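Worth saying up front: this structure is predicted, and the values here are computed from it rather than measured. Chain identifiers are assigned alphabetically (A, B, ...) following the order of the sequence lines, protein sequences preceding nucleic acid strands; residue numbering begins at 1 within each chain.
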Protein chains: 2
Amino acid sequence: MPNIEYLCDTNKTLTGVLNVMSKCEQCIVRQFSSLKALTKEELLNLSDCKTLYTIKKGEPVFNEGEKLQGVFCIKDGVCKMTKLNANGNEQIVKLISKGELLGQRSLISEEPVNLSAVALDDMQVCFIPKAEVMKFFNQNNQFSMNVMRTICGDLKEADDHLVTMAQKSVKQRLAEVLLYLHDTFGINEEDKSLMVKLSREELAGMIGTATESCIRLLSEFNKSGLIALSGKKIIITDSDKLRKI
Amino acid sequence: MPNIEYLCDTNKTLTGVLNVMSKCEQCIVRQFSSLKALTKEELLNLSDCKTLYTIKKGEPVFNEGEKLQGVFCIKDGVCKMTKLNANGNEQIVKLISKGELLGQRSLISEEPVNLSAVALDDMQVCFIPKAEVMKFFNQNNQFSMNVMRTICGDLKEADDHLVTMAQKSVKQRLAEVLLYLHDTFGINEEDKSLMVKLSREELAGMIGTATESCIRLLSEFNKSGLIALSGKKIIITDSDKLRKI
DNA sequence: TGGCATACATGACAAAAGTCATATTTTATT
DNA sequence: AATAAAATATGACTTTTGTCATGTATGCCA
């Protein structure tokens, strides 16, 4: 992972230069996260101590087991939160995108992160040091409540996700994931293909199945006219039928 | 579910009588929950407004979709947190026992509960009204942090659980659940059988499989000498081998 | 104590999903 | 543009898991 501690402690110049271009106060993304509860003054402080980061497609923001020194606010891009199992298979637990905070759970629990975060496309993230976040917890109750509500939402999603994994067939799970990608991240205007591009292997990793099974089912959906495939691109052509699988 | 609002608003006498027998200050169970952060004064208040409840084996504490007017602190007993799927199958998401709070997520998110809670044996729970809990959130930061840490822990567990469900075989999941029941809830002294008694159907519901598959695998484990079965009782005889499945 | 209901158990078969081999296509690189 | 490497696709087969039928044990209650 990028060596955040190093950059944050020593590269004051770089940090400063980057910050000129991105005052937190004007950052629209902030409005969608728990940070929306911060006061003007708190935002000014935040602007000074944050570090803007660019992470290239395929690179990790952090890896399972690392200790974080703060949280990341996603300004742009999408990443996958993953976990390796004993066989070396990668399970994608969820996708996280613009406006969300990464690593809050780890900070609160004072534990290493439980999941890896890997960029699915080029990302821009702001790193906010631990001390700053903890200060907000102490002085801004609304912020605390926002974080708590977010985590409660995550917990509900995780429980629901669990039931899906435990009770539904691979086919149903694939249909569900395709609809989720469609509804959450949208489609390209020109060709109506899903905006988030995952390899077949990654798609299989979201569903918890073998890559071949995933490919086979995509072919089947294609033949049945539920979706259209053109190279890596997936276009949902009959979302109603997909929903009824 | 028991009509909590009714009891709490009107049955002052009953509440009082019960409270004489159970001051929160002396309640050992409290020490294991987020409530341990409360001051003496806060505990005295709590004693006055809580309601002690007895819930019989098989009865619900609350059902999926209900709106709660507070949280439940489990004084004794174990319950299953479940969700019904479209086929009417019951998925057991987790087991909750002595010392834990039920319904916090719902209260924070201001949403109906996402899971049903059903007693696996006779339970004793204290109902704490919403207003009281919210007061603690506002006046006691340590309490807030405790709740937050608990929920973060739940989230981690849920994510891990998800990976297990998605990636492991039914056989592995059964082995894992048996070890979990053993390690978390312990065994009976006399016959070394698992303390928590689940029907085959419930066990299947924890694993996310058909009851017959669950029974078949238990037989197999029995024949291979990993476990011993005597009626409903399950005795783990070779936990090392079970762990290596 | 007998009979009924329920839970547990097992066989036979079907369906779902995984594995391995091997094409074929796409993408990256020189 | 040529080639190599990676990703996608498909067939053949095995293993896992689910379903339905049916039998057996267990507990409960009049």
Exercise for the section: In plain terms, say whether B/D121 and B/K197 are close enough for a salt bridge, that is, a side-chain N and a carboxylate O under 4.0 Å apart. Expected result: no
Handout entry: Close approaches to DNA chain C from residues 193-208 of chain B, in residue order (heavy atom, under 4.0 Å)
Key = B/S199, B/R200
Problem - Spacing of A/K171 atom NZ relative to C/dA17 atom P, expressed in whole Å - result: 8 Å
Handout entry: Residues B/K83, A/D159: salt bridge by 4.0 Å N-O rule
Key = no
Practice task
Indicate yes or no: at least one non-hydrogen side-chain atom of B/C79 is less than 4.5 angstrom from one of B/L102.
Solution key: yes
Handout entry: Nearest-angstrom distance from the residue atom CG of B/L229 to P of C/dA7
Key = 18 Å
Completion exercise
Rounded to whole Å, NZ of B/K168 lies from C1' of D/dT15 at a distance of 20 Å
Exercise for the section: Could you tell me the separation between the CE atom of A/M165 and the C1' atom of C/dA17, rounded to a whole number of Å? Expected result: 15 Å
Problem - Close side-chain approach of B/N188 to B/M195, heavy-atom, < 4.5 Å - result: yes
Practice task
Starting at atom CG of A/N89, determine the distance to atom P of C/dG18, rounded to an integer number of angstrom.
Solution key: 10 Å
Practice task
Respond yes when some side-chain nitrogen or oxygen of A/S169 is under 4.0 Å from OP1 or OP2 of C/dA16, and no when none is.
Solution key: no
Exercise for the section: With the side chain of B/E212 defined as its heavy atoms from C-beta on, choose the nearest nucleotide among D/dA21, D/dG18, C/dA17. Expected result: D/dA21
Exercise for the section: Between A/R173 and A/K232, just flag the one whose closest nucleotide in DNA chain C comes earlier from the 5' side. Expected result: A/R173
Exercise for the section: Describe the nucleic acid contact of A/T211 in one word from base, sugar-phosphate, nothing, applying a heavy-atom distance below 4.0 Å. Expected result: nothing
Practice task
Describe the nucleic acid contact of B/S219 in one word from base, sugar-phosphate, nothing, applying a heavy-atom distance below 4.0 Å.
Solution key: sugar-phosphate
Handout entry: Integer-rounded Å distance: D/dA21 C1' and B/I215 CD1
Key = 14 Å
Handout entry: pair B/L229-B/I234: side-chain heavy atoms closer than 4.5 Å
Key = yes
Exercise for the section: Measure from the side chain of B/T209, starting at C-beta and using heavy atoms only, and say which of D/dT10, D/dT17, C/dA17 lies closest. Expected result: D/dT17
Practice task
State whether a side-chain donor-acceptor pair under 3.5 Å links B/T164 with B/E176.
Solution key: yes
Practice task
Using atom CD of A/E220 as one end and atom C1' of D/dT8 as the other, report the distance to the nearest whole Å.
Solution key: 17 Å
Handout entry: Side-chain-base donor-acceptor pair under 3.5 Å for B/R216 and D/dG18
Key = no
Exercise for the section: Mind calculating the distance between CD (B/Q167) and P (D/dT16) to the nearest angstrom? Expected result: 17 Å
Practice task
May I ask you to decide whether A/E90 forms a salt bridge with A/K80, counting only side-chain N to carboxylate O separations under 4.0 Å?
Solution key: yes
